[in-house]
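To start, the structure itself, in structure tokens.
Here is how names work: the chains are called A, B, and so on, in the same order as the sequence lines, proteins then strands, and each is numbered from 1.
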Amino acid sequence: MPELPEVETIARELRPLLVGKTITRVWFDWPNQIKHPSPELFARELPGREISGVDRRAKWLVLELSGAAVLAIQVKMTGVLSVVGADEAHDRHVHVVIGLDDGRQLRLRDPRKFARLGLYQRDEAGAILGADEARELFAGFGPEPLDPGFTLRDFRRLLRARRARLKTLLMNQQFLAGVGNIYADEALWRARIHPLRSAATLRPEHERRLYQALRDVLIEAIERRGSSVDDYRAPSGRGDMQNFLNIYGRTGKPCPRCGRPTRRIVVNARSTHFCSWCQRLPARERVAAAKALLHDALRAPRRA
DNA sequence: CAACCGACCTGTTCGC
DNA sequence: TGCGAACAGGTCGGTT
């Protein structure tokens with residue numbers, strides 16, 4: 001579940017616990033989770049490096065290390081990071097342990113082993129060299145929606161170059177960085193826009209509402225330390241935002257705005273929640289949307 | 001450019 | 001009650 005607000009919360013909470021500490025040892029039991037370089041090099045290169053910063057880019061956690069190195073961590077859906085005493089017990093789902101010189105450990109608990117870690121190098125210009133060396137690690141990512149430099153004008157320019165369904169587009173990291181399933185649904189509900197609406201057909205007023213809704217919901221979610229819908233936990237425990245979601249995961253429950261039941265459809269194999277009264281599709285787009293949904297329903301593997 | 005698929009994974013939920 | 005299939009969803013690489 002972790003999206004922008006959740007990873008931002010992780011970064012903010014880990015920062016005071018990690019900055020100034022030096023890595024003493026590295027342990028992992030599932031080498032597939034080490035993306036770069038080889039697991040052997042990863043284990044050899046980390047010890048001795050001091051952590052100087054903890055930041056976020058899109059849904060990645062970025063630890064700045066001495067020697068212009070960067071430890072990038074993607075917790076994906078089920079990864080939970082915590083800093084605990086080395087003597088604290090851990091279960092079989094802890095797959096990465098990074099020892100620190102204060103006697104504590106940064107641990108990754110991840111039942112599904114989806115999380116990924118990589119150790120990268122910055123060049124003289126500060127760019128993070130990605131796995132293929134020629135490309136910056138975060139090349140191709142869309143803008144950060146909360147970057148003060150990301151204006152409504154920028155958002156409009158991006159939207160008008162696209163025709164895809166808005167739900168798909170908002171979750172596309174190349175289009176916009178950091179938004180996932182929960183906040184895409186929430187932003188569209190706040191902006192009163194149907195998730196299957198094509199980006200290119202939005203009127204200026206819709207664009208403005210969506211821009212504002214995205215920023216508002218992300219800021220509120222950060223203030224509430226993220227949504228602990230099921231697996232996500234901040235280093236300090238559950239967030240609060242799950243108690244303030246208006247549409248996500250509320251199938252059948254009344255829309256907080258109009259009282260009509262929340263509907264659920266599947267878009268790109270993702271649950272999508274919306275209010276069919278508040279989030280209307282223009283007549284000219286209804287036929288196309290109905291066809292797409294029927295297509296999905298027919299090919300869905302479901303037993304009779 | 002857009003949509004779709006399979007892969008990566010395993011704990012939980014669902015249908016019978 | 002117990003079993004196995006389906007489901008959950010972030011991301012990538014490849015295909016349509």
- Query: If you pin A/R162 and A/R270 to their nearest nucleotides in DNA chain B, which one's is more 5'?
  - Reply: A/R162
- Item | Nearest-angstrom distance from the residue atom CD of A/Q174 to P of C/dT11 | 10 Å
- Can you find a side chain N or O atom of A/T78 that sits less than 4.0 Å from OP1 or OP2 on B/dG11? no
- Residue list, side-chain hydrogen bond (donor to acceptor under 3.5 Å, both in side chains) with A/R233, at least two apart or on another chain: none
- Message: Any salt bridge linking A/E207 with A/R203? Criterion: basic side-chain nitrogen under 4.0 Å from a carboxylate oxygen.
- Response: no
- Task: Kindly say whether A/Y232 contributes a backbone atom to a donor-acceptor pair with the side chain of A/E6 at under 3.5 angstrom?
- Result: no
- A/L169 has an atom CG; how far is it from atom P of B/dA2, in whole Å? 7 Å
- Answer yes when A/K59 and A/E8 have at least one side-chain N-carboxylate O distance shorter than 4.0 Å, and no when they do not. no
- Task: Please tell me which of the listed nucleotides, B/dC4, C/dG10, C/dT11, lies nearest to the side chain of A/Q74?
- Result: C/dT11
- Query: Is the cationic atom of A/R107 (NZ for Lys, CZ for Arg) positioned less than 6.0 Å from the six-membered ring centroid of A/W27 and within 45 degrees of its normal?
  - Reply: no
- Can you find a side-chain donor-acceptor pair between A/D185 and A/H273 that sits under 3.5 Å? yes
Tabulated below should be each protein N or O lying under 3.5 Å from an N or O of nucleotides 8-10 of chain B; please produce it.
unit_1	atom_1	unit_2	atom_2	d
B/dC9	OP1	A/W30	NE1	3.0
B/dC9	OP1	A/N32	ND2	3.0
B/dC9	O4'	A/R112	O	3.4
B/dC9	O2	A/R112	NE	2.4
B/dC9	O2	A/R112	NH2	2.8
B/dC9	N3	A/R112	NH2	3.0
B/dT10	OP1	A/K113	NZ	2.4

- Whole angstrom is fine here: how far is it from CG in A/L117 over to P in C/dT11? 15 Å
- By nearest nucleotide on DNA chain C, pick out whichever of A/R264 and A/K35 is the more 5' one. A/R264
- Query: Between C/dA8 atom C1' and A/N181 atom CG, what is the distance in whole Å?
  - Reply: 10 Å
- Send over the distance from A/L108 CG to C/dG10 P, rounded to a whole Å. 17 Å
- For DNA chain C, just give me the dot-bracket, please: Watson-Crick or G-U, both distances below 3.5 Å, ( ) intra-strand, [ ] crossing earlier pairs, | paired with another strand, . unpaired. .|||||||.|||||||
- Message: Can you measure A/K167 atom NZ to B/dC4 atom P for me and round it to whole angstrom units?
- Response: 14 Å
- With heavy atoms under 4.0 Å as the rule, sort A/R109 into base, sugar-phosphate or nothing. nothing
- Using atom CH2 of A/W60 as one end and atom C1' of C/dG10 as the other, report the distance to the nearest whole Å. 11 Å
- Message: Suppose we screen for side-chain hydrogen bond (donor to acceptor under 3.5 Å, both in side chains). Which residues come up paired with A/H194, at least two apart in sequence or across chains?
- Response: none
- Could you give the distance separating C/dG13 and B/dC9 at their P atoms, to the nearest angstrom? 15 Å
- Query: Between the main-chain N or O of A/Q74 and the side-chain N or O of A/R116, is there a donor-acceptor pair closer than 3.5 Å?
  - Reply: no
- Qualifying residues under salt bridge (charged side-chain N to carboxylate O under 4.0 Å, His left out), relative to A/R44, sequence neighbours excluded: none
- Note on the structure: Sequence neighbours excluded, the answer for side-chain hydrogen bond (donor to acceptor under 3.5 Å, both in side chains) partners of A/R238 is none
- Item | Which nucleotide in C/dT11, C/dG10, B/dA3 has an atom nearest any side-chain atom of A/E3 | C/dG10
- Task: Grab the CZ-P distance between A/R165 and B/dA2 for me, whole Å please.
- Result: 12 Å
